[in-house]
Asker: 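Just dropping this structure here.
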Amino acid sequence: MATTNLPETACPYCLCAVEPANAVMCPACGFAHHRECWDTLGGCAVEGCSKMVEVKKAEMTSTYWGETEKVCPMCAEKIPVAALQCPSCKASFTDMRPVAREDVLGKPDDPELKIYQTKAIWLLVFSLLAFTSPFALIIGWVWYSRNRAQIERASTTRALVIASFGICVAYLIMGVIGSLVYLAAH
């Protein structure tokens, strides 16, 4: 705020005229300051003066909705809100916002849906084999009809079932066309 281009009668802090009765002279540079300005600043306001007070910015504490700490979702230790890595367990975060354990790890798989997914994989395997494909179509359709609501909950399971039916139908069409060609040839 102060500059060395001021006349000696102006306070380098507030830039107002200094009366000799209310003046404090800097012992290093000789500039006159108001007593209040000198006390407020805690020293000289002239840049480059050895008595100039070093001004440091106040250290800012990061907050999230007024909270300065958050709980690490991995180890449950309290850490600063701004931390992007837990000092205890070294878990990393992409954001300073507090997160839940499920947000970091993902939701646990539903064991019931896992069973349906395994059955859908077996249906796909049996539909890929030409000689078991018709049976896979019939058995798979009955299974799908009875368990449609559970299968529809998991998109990957539904996709496996639909792919299996598509393969079965393709084998069925090829079988019918092949039989017709064979009968026409003989």
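Quantities reported herein were computed from a predicted structural model and do not represent experimental measurements. All values below were derived from every heavy atom in this structure, side-chain atoms included, with hydrogens, water molecules and symmetry-related copies excluded.
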Asker: Do you reckon Phe126 sits in the same ILVMFWY cluster as Leu137, going by side-chain contacts under 4.5 Å, direct or chained?
Answerer: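 Shared cluster, no.
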Asker: Do the non-hydrogen side-chain atoms of Cys26 and His33 ever get within less than 4.5 Å of each other?
Answerer: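 When only atoms from C-beta onward are counted, His33 and Cys26 do touch, with a gap below 4.5 Å.
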Asker: Is it true that the NZ or CZ of Lys70 lies under 6.0 Å from the centre of Phe93's six-membered ring and within 45 degrees of the ring axis?
Answerer: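 Verdict for Phe93: a cation-pi partner in Lys70.
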Asker: Ignoring hydrogens and geometry, is there a side-chain-to-backbone donor-acceptor pair from Ser127 to Leu124 under 3.5 Å?
Answerer: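 Side chain of Ser127 to backbone of Leu124, a donor-acceptor pair under 3.5 Å: yes, one is there.
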Asker: Is there a path from Ile139 to Trp122 through hydrophobic residues (I, L, V, M, F, W, Y) whose side chains come within less than 4.5 Å of each other?
Answerer: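 As far as the 4.5 Å side-chain criterion goes, Trp122 and Ile139 are not connected within one cluster.
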Asker: How many angstroms lie between OH in Tyr171 and OG1 in Thr132, if you round to the nearest 0.5 Å?
Answerer: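 Output value for this atom pair is 8.5 Å.
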Asker: For atom CH2 of Trp141, decide whether the heavy atoms of other residues, nucleotides or ligands shown that lie under 6.0 angstrom number more than 12.
Answerer: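 Not buried by this count: 12 neighbours or fewer within 6.0 Å.
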Asker: Other residues, nucleotides and ligands only: do more than 12 of their heavy atoms fall within 6.0 Å of CZ on Arg148?
Answerer: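 Not buried by this count: 12 neighbours or fewer within 6.0 Å.
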Asker: Quick check for you: to the nearest 0.5 Å, what is the distance between Lys114 atom NZ and Thr157 atom OG1?
Answerer: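 The distance works out to 9.0 Å.
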Asker: I need the Ser133 OG to Ile167 CD1 distance, nearest 0.5 Å.
Answerer: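 Taking OG in Ser133 and CD1 in Ile167, the distance rounds to 8.0 Å.
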Asker: Checking Ser179 side chain against Gly175 main chain: does a donor-acceptor pair fall under 3.5 Å?
Answerer: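 Confirmed, Ser179 side chain pairs with Gly175 backbone.
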Asker: Report yes if some heavy atom in the side chain of Val176 is under 4.5 Å from a heavy atom in the side chain of Leu180; otherwise report no.
Answerer: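 Yes; the side chains approach each other to less than 4.5 Å.
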Asker: Taking atom CZ of Arg158 and atom CD1 of Ile151, what is their separation to the nearest 0.5 Å?
Answerer: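 If I round to the nearest 0.5 Å, the distance is 10.5 Å.
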Asker: Assess the side chains of Tyr144 and Glu152: does a donor N or O sit below 3.5 Å from an acceptor N or O?
Answerer: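 Short answer, yes.
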